[in-house]
Amino acid sequence: MSKGKFPVFLVLALALAALLPRQARAVDPCDWDSQARPADYEAIMVLPDGLDEIIDRIPAQSSEDARLALGLLKRARHSLPLGNISGQWRIRSIQGEQFGRDHYMVFAYPAFRARIDAASQCGQFFQKTTGSQRRSGYLYPIAGRDAMAFLGGATVNDDPLMVYDPDRDSPSNTAGQLIRIGANELLMVLDARPAAEGERSFELYYLQK
């Protein structure tokens, strides 16, 4: 071998090694389970078993918004067959922020618009299309349940849509589960996971036709 040159097999081996970390992170784009980061997996699977912790900390008599959230979460214990969820929806966002260890403050927003596109190869596409706070992403069937996992991105106003990033803890990542609670009603329970300080927040999307 002449001085200063590498054998061809060594060059190929180094090139292959450089590709391995990227390949190790590859996930099946149609498999939500392999995409979801641990905290987001917890946020998706909070239904139905993890609801009681949230329900118990919402003071029923504190406000009309809290009573609305409480009623929806109790109905989420008994979901209905999903059926056809495609089309245009009216959507209300209901946000719960934990204060201290014992209760949530709940804020409900007026109705905006959203849509769920027809099924694609991997699932269905959800998008909240109006309002300052928006979400978009894919809905994937959950094996053994009449429910769908949501993995998407959160944006503001007319910012470009964001996709879910399985490789890093992106602040735009958002995750949850969608179920049917009535003939013309869906509920998405979103981002119900502990925050860095140990407190848990959540957001509900209440969809009606």
Should we count CZ of R113 as having more than 12 external heavy atoms under 6.0 Å?
no
Hydrophobic clustering (ILVMFWY, side-chain heavy atoms < 4.5 Å, transitive) - are V46 and I55 grouped together?
yes
Side chain to side chain donor-acceptor pair (under 3.5 Å) between Q133 and S93: does it pass, once the steps are laid out?
CA-CA 9 Å; Q133 301 177 49; S93 168; 5.9 Å; no
In chain order, what residues pass the ring pair (Phe, Tyr, Trp, His ring centres under 6.0 Å) check against F126, with sequence neighbours excluded?
F150, Y205
Roughly how far, to the nearest 0.5 Å, is the CG atom of L190 from the OG atom of S201?
10.5 Å
side-chain hydrogen bond (donor to acceptor under 3.5 Å, both in side chains) with R92: which residues, sequence neighbours excluded?
none
Side chains of E203 and R135, heavy atoms from C-beta outward: is any pair under 4.5 Å?
yes
Give me the atom names and distance for the closest heavy-atom approach of W32 to A149.
CD2-CB, 3.6 Å
Same cluster (ILVMFWY, side-chain, under 4.5 Å), L68 and F107:
no
Cluster check F202, L72: I/L/V/M/F/W/Y, side chain < 4.5 angstrom
yes
List the steps, then state whether side-chain contact (heavy atoms from CB on, under 4.5 Å) holds for L73 with I58.
CA-CA 10 Å; L73 288 167; I58 298 177; 3.7 Å; yes
When clusters are formed by joining ILVMFWY residues with side-chain heavy atoms under 4.5 Å apart, either directly or through shared neighbours, do L151 and L161 land in the same one?
yes
Can you tell me if NZ on K209 sees more than 12 non-hydrogen neighbours from other groups inside 6.0 Å?
yes
Pair listing, salt bridge (Lys or Arg N to Asp or Glu O under 4.0 Å) test, anchored in residues 142-163, at least two apart:
R134-D158
Could you check whether any side-chain heavy atom of D31 comes within less than 4.5 Å of a side-chain heavy atom of Y140, counting everything from C-beta outward?
no
Side-chain donor-acceptor distances from residues 177-189 under 3.5 Å, at least two apart:
{"residue": "Q177", "atom": "NE2", "partner": "I44", "partner atom": "O", "Å": "2.6"}
{"residue": "Q177", "atom": "NE2", "partner": "L47", "partner atom": "O", "Å": "3.4"}
{"residue": "R180", "atom": "NE", "partner": "P81", "partner atom": "O", "Å": "3.4"}
{"residue": "R180", "atom": "NE", "partner": "L82", "partner atom": "O", "Å": "2.7"}
{"residue": "R180", "atom": "NH1", "partner": "G182", "partner atom": "O", "Å": "3.2"}
{"residue": "R180", "atom": "NH1", "partner": "A183", "partner atom": "O", "Å": "2.9"}
{"residue": "R180", "atom": "NH2", "partner": "L82", "partner atom": "O", "Å": "2.8"}
{"residue": "R180", "atom": "NH2", "partner": "N84", "partner atom": "O", "Å": "3.0"}
{"residue": "E185", "atom": "OE1", "partner": "R75", "partner atom": "NH2", "Å": "2.7"}
{"residue": "E185", "atom": "OE2", "partner": "R75", "partner atom": "NH1", "Å": "3.2"}
{"residue": "E185", "atom": "OE2", "partner": "Y206", "partner atom": "OH", "Å": "2.4"}

CG-CD1 distance between L70 and I94, expressed to the nearest 0.5 angstrom:
11.0 Å
Which heavy-atom pair separates A114 from T129 by the least distance, and what is that distance?
N-OG1, 4.0 Å
Measure the spacing between CD1 of I116 and CG of L207 and express it to the nearest 0.5 Å.
5.5 Å
CG on D56 to OH on Y104, rounded to 0.5 Å
10.0 Å
So salt bridge (Lys or Arg N to Asp or Glu O under 4.0 Å) across residues 114-123, not counting sequence neighbours, yields R115-D117
Co-members of V156 in a cluster of I, L, V, M, F, W and Y side chains, linked at under 4.5 Å
none
Would M148 and Y41 show up in the same hydrophobic cluster when neighbours are defined by side-chain heavy atoms closer than 4.5 Å?
no
Which pair of heavy atoms, one from A175 and one from A43, lies closest together, and at what distance?
O-CB, 4.0 Å
Checking S79 side chain against A76 main chain: does a donor-acceptor pair fall under 3.5 Å?
no
Taking every heavy atom of V106 against every heavy atom of A69, the minimum-distance pair comes out as CG1-CB, 3.9 Å
Side chain to side chain donor-acceptor pair (under 3.5 Å) for D191 and T174? Distances and angles first, verdict last.
CA-CA 6 Å; D191 299 330; T174 179; 2.9 Å; yes
Heavy-atom pair with the smallest gap, counting every atom of S86 and A118
OG-CA, 3.4 Å
For N173 against R37, the heavy-atom pair lying closest together
ND2-CD, 4.0 Å
Could you walk me through whether K128 and S136 satisfy the side-chain contact (heavy atoms from CB on, under 4.5 Å) test, starting with their C-alpha distance in whole Å, then the side-chain angles of each, then the deciding distance to 0.1 Å, before giving a yes or no?
CA-CA 6 Å; K128 182 175 181 282; S136 59; over 6 Å; no
Y138/Y164 aromatic ring centres below 6.0 Å:
no
